[in-house]
Number of protein chains: 2
Amino acid sequence: MTDPFPDPATPPARAARLPSAERHSQILDAAVEEFAGRGYAGARMAAVATRADVTKGLLYHYFPGGKVDLFKAAIESCVDPVLQEAERVSAGFQGSGHDLLAALLDLGYGRLASERREHILLRLLLTEADRFPELATLYRTAILEPSLALIGSVIRTGIAAGEFRAGAADEPGLAHVLMAPVVMGSIWRMTLGAEQAPALPMLRDAHLAFALRALAP
Amino acid sequence: MTDPFPDPATPPARAARLPSAERHSQILDAAVEEFAGRGYAGARMAAVATRADVTKGLLYHYFPGGKVDLFKAAIESCVDPVLQEAERVSAGFQGSGHDLLAALLDLGYGRLASERREHILLRLLLTEADRFPELATLYRTAILEPSLALIGSVIRTGIAAGEFRAGAADEPGLAHVLMAPVVMGSIWRMTLGAEQAPALPMLRDAHLAFALRALAP
DNA sequence: CTGCTTATTGACCATTTGGTCAACACCAAC
DNA sequence: GTTGGTGTTGACCAAATGGTCAATAAGCAG
């Protein structure tokens, strides 16, 4: 039995026409959410459309390449902001290596604590990298290597100030070891949830103390 | 055009009847492979069947719960072996804290290097933990906490021998920081592939040197 | 050999899902 | 107002996929 009194005041509610750029980023945001929550295979185009308050067909208007296209665009939209702040902090820093290290660890653990794009990006990279080989390269060039370089410069700052042992700058793998706990902090949080995961302040303090001892002259 | 001479000597090749336990683990192995390679959502039951040289229907005979059932069984089949060897090594060890630490790092980096069940398990836990909350608990109780306990005992061994600073046993988060680089080594390898990932021997050496400095009295 | 149990199959089903497309509506320019 | 371009829709499709089930064959006990 159909409604005998269809409400003429509520026609099927077509979405307002939007400037191309706005819709584009609106859809992109929805896609980031959906992919983050379900992974590539689990994500549904229809769900992306719903999140963006749009119909499925429109997705293919903005991303003609379909799901893959949308996925790559979603990932790239997360890459930019990640290291910008860290590099800004480091570049303008006037102080001891000790303080710079502390500031960067604060920043790292602090940002990873909030459920932001950094977090999502990391998850998608880990989850899908083997099915999208470009992702592996993206991770290496856009995140891993800049991070290692940043750590290297911190170490050199400390050495120049006489706070750290001179040899530290030349030990291969040291930057990796120094970086690992931060990333693991994020991964634990993502895997176990904020309640079960090790507390970030505890990790930060232990990390800092550990690093300073190992870098001492 | 169909074959006018169907070969009567090759009837549809029914799989040999197997003892229940064998088929069970055969299917389980296939499932582990499939889930590891494609994640839960991406894994296809038909593919599991093919890998196991069996038809789809049989999967539901052995795992009446369907895909979820099979998935959980697959994960559980990977949990057991992970820490057994490490705890065996540690338990029977007669030597300095330094040597024990070196031996365990060797073991850790060595095993993670080979694409074995430890590796697969870690990947599945990271990938699916938020969709299967039991997995988070499983990870914490079966892997994370035993690992931390193991590290704690190593530290105490070293302290007892006078090699490590006495305070080290009581610093919360220290075990986490000590463990992180090993896990990250595995994750990098899994994400970037063996070629692009940081070399494991380099990580191990840097890790050991770093830890010994930080633990020194 | 006979009959019972059960491992194994292949065909089948309902649903989901990525993707397509012709029609429609909104806006700007003329 | 008319026209043209395009943002937007809803209905539709083919393929893939998880799952079911009656029929079959293999082993085993009597």
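Just so it is clear: chains get the letters A, B, ... in the order the sequence lines come, proteins before strands, and each one is counted from 1. Treat the numbers as computed from the prediction; the structure is a model and nothing was measured.
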**Spacing between A:Leu58 atom CG and C:dC24 atom C1', to the nearest angstrom** = 14 Å
Could you go through nucleotides 27-30 of chain D and list every protein N or O atom that sits under 3.5 Å from one of its N or O atoms, giving the distance for each pair?
none

Expected list for residues 31-39 of chain B: side-chain donor-acceptor pairs under 3.5 angstrom, two or more places apart:
residue: B:Glu34; atom: OE1; partner: B:Arg51; partner atom: NE; Å: 3.1
residue: B:Glu34; atom: OE1; partner: B:Arg51; partner atom: NH2; Å: 3.1
residue: B:Glu34; atom: OE2; partner: B:Arg44; partner atom: N; Å: 3.1

**Message:** Under 4.0 Å, heavy atom to any atom of DNA chain D: which of residues 60-70 of chain A qualify?
**Reply:** A:His61, A:Tyr62
**Results of side chain to side chain contact (heavy atoms under 4.5 Å, CB included) for B:Ala180 - residues two or more places apart only** = A:Ala180, A:Pro181, A:Met184
**Item:** Closest contact, heavy atoms only, A:Ile27 versus A:Leu70
**Value:** CG2-CD1, 4.1 Å
**Prompt:** Pairs in or reaching into residues 191-204 of chain B: which pass salt bridge (Lys or Arg N to Asp or Glu O under 4.0 Å), with residues at least two apart or in two chains?
**Reply:** B:Asp106-B:Arg204
**Asked** Residues in salt bridge (charged side-chain N to carboxylate O under 4.0 Å, His left out) with A:Asp29, at least two apart?
**Response** A:Arg117
**Fill in**
Residue set satisfying ring-ring contact (aromatic ring centres under 6.0 Å, His included) with A:His61, at least two apart, ordered chain then number -> none
**Request:** Take atom CZ of B:Arg23 and atom C1' of C:dT8, then tell me their distance rounded to the nearest Å.
**Result:** 8 Å
**Prompt:** Does anything in residues 52-70 of chain B pair up under salt bridge (Lys or Arg N to Asp or Glu O under 4.0 Å), and if so which pairs, sequence neighbours excluded?
**Reply:** none
**Request:** Kindly write out the residues that satisfy salt bridge (charged side-chain N to carboxylate O under 4.0 Å, His left out) with A:Glu128, not counting sequence neighbours, or none if the list is empty.
**Result:** A:Arg131
**Request:** Please list residues of residues 33-57 of chain A whose heavy atoms come under 4.0 Å from any atom in DNA chain D, ordered by number; otherwise none.
**Result:** A:Val54, A:Thr55, A:Gly57
**Fill in**
A:His24 atom NE2 is separated from D:dT8 atom P, nearest whole Å, by 13 Å
**Request:** Please collect all salt bridge (Lys or Arg N to Asp or Glu O under 4.0 Å) contacts where either partner lies in residues 145-154 of chain B, sequence neighbours excluded, each pair once.
**Result:** B:Arg140-B:Glu145
For residues 147-157 of chain B, tabulate all N or O donor-acceptor pairs below 3.5 Å that involve a side-chain atom, not counting sequence neighbours.
residue: B:Ser147; atom: OG; partner: B:Ile143; partner atom: O; Å: 2.7
residue: B:Ser153; atom: OG; partner: B:Leu150; partner atom: O; Å: 2.9
residue: B:Thr157; atom: OG1; partner: B:Ser153; partner atom: O; Å: 2.9

